[in-house]
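All chains are named by letter (A, B, ...) in the order of the sequence lines, taking the proteins before the strands, and each is independently numbered beginning at 1.
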2 protein chains.
Amino acid sequence: MKPRITIREVAKEAGVSIGTASRALNRAGRVSEAAIAAVSKAARRLGYEPDAIAQSMRTRSSGAIGLIVSDLANPLYARIITAVEAALQAAGYALLIASTHNDGKREKNLIDLFRRRRVDGLILGPCETENPKLLEQLSQEMPVIALDRDFGPTGTGVYVDHYTGALQATRYLLNLGHTRIALLTPGSVLRPGRERIAGFKEAYKEQDLKPVPKLIRCEKSAMDFAFTEALSLLSGPEAPTAFMCLGTRILAGVLQALRHTGRTAPGDVSVISIGDTDLSQLFTPSITSLTWDLEIVGTVLAQLMLKQLERDADIEPETIVITTQLVLRESCGPATARKKATA
Amino acid sequence: MKPRITIREVAKEAGVSIGTASRALNRAGRVSEAAIAAVSKAARRLGYEPDAIAQSMRTRSSGAIGLIVSDLANPLYARIITAVEAALQAAGYALLIASTHNDGKREKNLIDLFRRRRVDGLILGPCETENPKLLEQLSQEMPVIALDRDFGPTGTGVYVDHYTGALQATRYLLNLGHTRIALLTPGSVLRPGRERIAGFKEAYKEQDLKPVPKLIRCEKSAMDFAFTEALSLLSGPEAPTAFMCLGTRILAGVLQALRHTGRTAPGDVSVISIGDTDLSQLFTPSITSLTWDLEIVGTVLAQLMLKQLERDADIEPETIVITTQLVLRESCGPATARKKATA
DNA sequence: CTGTTAGCGCTTTCAC
DNA sequence: GTGAAAGCGCTAACAG
């Protein structure tokens, strides 16, 4: 493994001091054009590559941003991350990535790890054990941007308006005559889950109705849970006439359950899902879905970060809300004579 | 932003020299138990967190691994990355991530960037412009693990056996009586594409048949391409009786085209896809698919990396081949009287 | 076993 | 404008 070229050698090659070499390379402070020319020529000739670690050491800035989510493989996150990465890459930042698998302890470890690596900023997705105090404290050390995650009124972040989304979706189903709507969500602890459930309930309230408690099911493990829950709901005495699948992988489980019991949408039950996947678009029937722009979420996340990085003084916290759209497809129909017995 | 605690302060607090403090913290060299106790107590009390940048500066090892793929949002990569991240995290490494969007120039930039950041190793996914020389040279600087990507006989990597996979899948279709098989693949430049096409042709050869050249279509942009291509193929004079969708997002386009033209599988055409997504599993009919274990790919990738990192001497290159499985579902049927005209 | 010292490669005063 | 020198926080030699 050949030794790297250092600025020292570049300076020697260019016939200047290392101080001048540094200034020339960074075009900082007073440097003569002649020096700049000589140094950059020397650098090019030698194939000099500044050592980012040494730079960080001096400047106290690593040029890296840490991003922590619960699960990288979640397609929603994956697309957000892509957008974040693109924007950050364009601005010259590197992206350190890690996933918590919803383990609060692990998240804390990762944050510490990233801190030790002197990341310049942190983007945090939702995690089971949100610790607002921890984050607030953290954000005094470096910019912290939250993604769909609560942390006090002083926090900066981008939030998807799950509340209104769920509200609209539920309204839509209620207006179709459904009252026995099953709500499957991967958890009520995380902000998205909480908001969605709140929106769901609000829609009922608007019409002076009450949701059926037994039809609200939340659990961690996504797809398997959805399948078994949907199955049990369908075979129960008071089966739902509609399903709201509030989580990326819930829909798959529900569709599986429908298939398993010989039901079809929208004839037997109506189905609404969250997130616009291949599955929701191409399934027959295509699935009415609640969607939002993941690229924008990622881009905004990165922009907020870059903005905070730029003026590293403390700036007022900023909150960007992303709205959702209800894409009407074929999977919902009126709740007419849905008396079909326990199958 | 409060100043960090340094080892200097820990040493003072513990009443030892910074050298001893360092040794105590790292349990390296000769240290008394007493010193260890005193130092770790002091460290804990002060909330000391070693500065990873400074450590890297000295040890010439950043504790970070770079991972470069064409597209983070590709669900296949996403799941591989998750596994890589988990394994690396467990071993105390951080993961730097970036995507090339199949731009060879950008890839080169990213590699340089990562090199400047002194990553301890590099994991590289396929990229349009594979540059075996570049990689070979690179691998003399640090461990480089290739993912489904050729780089000379000296390279270490994990490879999916796309060749045999495509061979088996094609055989299967040929045995069902299909001879007009359309092959849609996102590209023949990348190793996976090349291998798949080779396997496809080999299957024909085995039976003394020849594939229909016009039915082989490759293009970069995944889903849109697949849709339009499939459409044109279906409405052409000699429409295929089967589709092989050799790429993550191809299947969606083909299914869309089928739906658009009122065709269904396996009645009108047979369909085989690559990768086991929700879509292939839950679509009606469920799609016969070629799959392999993404978690294993990720884990093996990380293990190869860790192994090379451990014994940083040059070790013999290693190649792990991952086999694929053909999961038979409902989307393929015999090619009987498929005389259905140009619709 | 422990303290002292010399840097890692770079940026940034500070004199000149 | 430029050079010399002082570290950033840490580890690794080297004496003791």
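As judged by a 4.0 angstrom heavy-atom cut-off over every strand, A:A28 is placed among residues making no nucleic acid contact.
When the side-chain nitrogen and oxygen atoms of B:Q55 are compared with OP1 and OP2 of D:dT11, one or more of them lie within a distance under 4.0 Å. OP1 or OP2 of C:dT2 sits under 4.0 Å from a side-chain N or O of B:S32. Residue B:T20 places at least one side-chain N or O under 4.0 Å from the OP1 or OP2 atom of C:dG3. Residue A:R60 places at least one side-chain N or O closer than 4.0 Å to OP1 or OP2 of D:dG9.
Taking only distance into account, the side chain of B:R23 meets the base of C:dG3 through a donor-acceptor pair shorter than 3.5 Å. The base of C:dG7 is paired with the side chain of B:R58 by a donor and an acceptor separated by under 3.5 Å.
Counting only heavy atoms from C-beta on, A:S17 has its side chain closest to D:dG3 among D:dG3, C:dG3, D:dC10. Proximity note for A:M57 (side chain, C-beta onward) versus D:dC8, D:dT2, D:dT11: the nearest is D:dC8.
Atom CD1 of B:I7 is separated from atom P of D:dC10 by 6 Å (rounded to the nearest Å). Taking atom CG on A:N26 and atom P on C:dT13, their separation rounds to 13 Å, with Å as the unit. Taking atom NZ of A:K12 as the reference point, atom P of D:dG3 lies 15 Å away to the nearest angstrom.
Residue order along DNA chain D, read from the 5' end via each residue's closest nucleotide, puts A:R30 first among A:R30 and A:G19. Checking A:G29 against B:A54, the closest nucleotide of DNA chain D that is more toward the 5' end is the one next to A:G29. If you find the closest nucleotide of DNA chain C to B:I18 and to B:I36, the one lying nearer the 5' end belongs to B:I36.
Minimum interatomic distance between B:R149 and B:Y159 (heavy atoms only, all atoms of both residues): O-CE2, 3.1 Å.
Using modelled atom types, one finds a donor on one side chain and an acceptor on the other under 3.5 Å when comparing B:S61 with B:D120. A:D71 and A:S99 share no side-chain donor-acceptor pair at under 3.5 Å.
Side chain of A:R23 to main chain of A:A28: no donor-acceptor pair is present (N/O by atom type, distance under 3.5 Å, no hydrogens or angles). A donor-acceptor pair under 3.5 Å links the side-chain atoms of A:R116 to the main chain of B:P50, judged by distance alone.
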